[in-house]
Number of protein chains: 2
Amino acid sequence: MQPDQLSLTLSAIADPTRRAILMRLMDGEASVKELAAPFEMSIPAICKHLRVLEGAGLISRGRSAQFRPCRLEAQPLREAVGWIEEFSKFWDTSLNRLDGLLERLQSADATARKN
Amino acid sequence: MQPDQLSLTLSAIADPTRRAILMRLMDGEASVKELAAPFEMSIPAICKHLRVLEGAGLISRGRSAQFRPCRLEAQPLREAVGWIEEFSKFWDTSLNRLDGLLERLQSADATARKN
DNA sequence: TTCATTCCTAACCGATCGGTTATCTAACTT
DNA sequence: AAGTTAGATAACCGATCGGTTAGGAATGAA
């Protein structure tokens, strides 16, 4: 089963190394070697991370001599932020406080039944 | 290495089954069996997903007779949405358009050099 | 007491993940 | 032409993931 775009995006940014790479790319394009520099990790390992990011559409790559510079493509993150915000909304709505109330009533009820 | 909270949260919601469970919990508490019902998946599989969600702090669990109802805890998602929004911002800023300009200049330059 | 229901745990399985080393290609440099 | 640099690929490794089946514990019901 090929995963949906949202799952691709989220699992791509679930890794701290890949998030650090993305943050680095906010300062502008960078070569693979430049991206690898801050990490105690081999170049092939970074290449793999870049492939994951590229597969999720979070970066794109150019060509300039023997360099293949990476640049940020933030578009897929918009879908992700959209999904997550559904739940942030939930957290802030009165629905949440209502749920809290219901829950407290239920647990009080359960306690009453138990004793 | 134990992963940071943000990585925990993101990898928890990177799975479509777990996202569906969270969405179901927006309608209120539910038992494990209720949560499992929509899926063609064994109960233990759902239990594992619930453990992941609980480990990420995205759900909490009560006790009521032989049931262990789950309820949504959306708080960790706030950190996640905060991180992702950094990049949504990036996408909308003039910095992005500036990058696009620089890139176009560079690729024009590369093309010129190539010919 | 016995049975049913709910849920968890353990053991296992194949696939994927995140890293390594070794090797290769492509392009620049001398 | 020979050497260097940037990067990709392949093969491998241990750990984790996402699922399974089997079996056990806790609670409620007959």
Side-chain angles (χ1 to χ4, degrees), chain A residues 1-4 7-22 25 29-56 58-71 109-115, chain B residues 1-4 7-22 25 29-56 58-71 106 109-111 113-115:
Chain A
M1 178 185 59
Q2 50 193 352
D4 55 298
S7 300
L8 265 176
T9 304
L10 290 173
S11 65
I13 65 176
D15 182 280
T17 301
R18 290 194 286 264
R19 283 200 305 278
I21 289 174
L22 290 179
L25 288 177
E29 286 193 358
S31 71
V32 175
K33 200 188 181 191
E34 284 167 350
L35 291 174
F39 303 99
E40 291 175 346
M41 204 182 293
S42 65
I43 295 276
I46 298 293
C47 282
K48 283 195 180 184
H49 283 303
L50 294 178
R51 268 174 64 96
V52 173
L53 289 171
E54 194 178 12
L58 288 165
I59 64 172
S60 62
R61 321 200 54 178
R63 266 176 200 252
S64 178
Q66 67 270 64
F67 304 88
R68 314 246 160 106
C70 304
R71 80 175 153 284
D109 185 36
T111 309
R113 262 181 292 138
K114 196 174 292 177
N115 298 341
Chain B
M1 178 184 60
Q2 51 191 354
D4 56 297
S7 299
L8 265 176
T9 304
L10 290 172
S11 64
I13 65 176
D15 183 281
T17 301
R18 290 194 287 264
R19 284 200 305 279
I21 289 174
L22 291 179
L25 288 176
E29 287 193 358
S31 72
V32 175
K33 200 189 181 191
E34 283 168 350
L35 291 174
F39 303 100
E40 290 175 347
M41 203 181 294
S42 65
I43 294 277
I46 298 294
C47 281
K48 282 195 180 182
H49 283 302
L50 294 177
R51 267 174 64 96
V52 173
L53 290 171
E54 193 178 11
L58 287 165
I59 65 171
S60 62
R61 323 199 53 179
R63 266 176 199 252
S64 178
Q66 67 270 64
F67 305 87
R68 315 248 159 102
C70 304
R71 81 173 151 283
Q106 284 179 352
D109 184 34
T111 308
R113 262 180 290 137
K114 197 175 290 178
N115 298 341

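Convention: sequence-line order gives letters A, B, ...; per-chain numbering from 1.
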query = Given atom CG of A:Leu8 and atom C1' of C:dC17, what is their separation to the nearest angstrom?
reply = 14 Å
ask   = When all nucleic acid strands are considered with a 4.0 Å heavy-atom cut-off, which category describes B:Ala45: base, sugar-phosphate, or nothing?
value = base
request  = Verify the contact: side-chain N or O of B:Arg18 to OP1 or OP2 of D:dG18, cut-off strictly under 4.0 Å; return yes or no.
outcome  = yes
task = Please state how far atom CD1 in B:Ile46 lies from atom C1' in D:dC17, giving the value in whole angstrom units.
result = 15 Å
ask   = Who passes side chain to side chain donor-acceptor pair (under 3.5 Å) against A:Ser7, sequence neighbours left out?
value = A:Asp4, B:Arg19
query = Residues in side-chain contact (heavy atoms from CB on, under 4.5 Å) with A:Ala30, at least two apart?
reply = A:Arg24, A:Leu25, A:Glu34, A:Leu35
key: Rounded distance in Å - CG (A:Asp15) to P (C:dC17)   = 11 Å
remark   = Residues at least two apart in sequence or cross-chain that pass side-chain contact (heavy atoms from CB on, under 4.5 Å) with B:Ala36, listed by chain then number, are B:Ile43, B:Ile46
ask   = Who pairs with B:Glu54 by side-chain contact (heavy atoms from CB on, under 4.5 Å), at least two apart in sequence or on another chain?
value = B:Ile59, B:Arg61
What nitrogen or oxygen pairs link the protein and nucleotides 6-12 of chain D at under 3.5 Å?
unit_1: D:dA6; atom_1: OP2; unit_2: A:Lys33; atom_2: NZ; d: 3.0
unit_1: D:dG7; atom_1: OP1; unit_2: A:Val32; atom_2: N; d: 3.1
unit_1: D:dG7; atom_1: OP2; unit_2: A:Lys33; atom_2: N; d: 2.7
unit_1: D:dA8; atom_1: OP1; unit_2: A:Arg61; atom_2: NH1; d: 2.9
unit_1: D:dA8; atom_1: OP1; unit_2: A:Arg61; atom_2: NH2; d: 3.3

ask   = Rounded to the Å, how far apart are A:Arg63 CZ and C:dC28 P?
value = 12 Å
key: Criterion side-chain contact (heavy atoms from CB on, under 4.5 Å) against B:Ile13, the qualifying member of B:Val52, B:Leu8, B:Leu58   = B:Leu58
task = Take atom CD1 of A:Ile21 and atom P of C:dG18, then tell me their distance rounded to the nearest Å.
result = 11 Å
task = Mind checking side-chain contact (heavy atoms from CB on, under 4.5 Å) for A:Ala45 and listing every partner two or more places apart, or none if nothing turns up?
result = A:Met41, A:Ser42
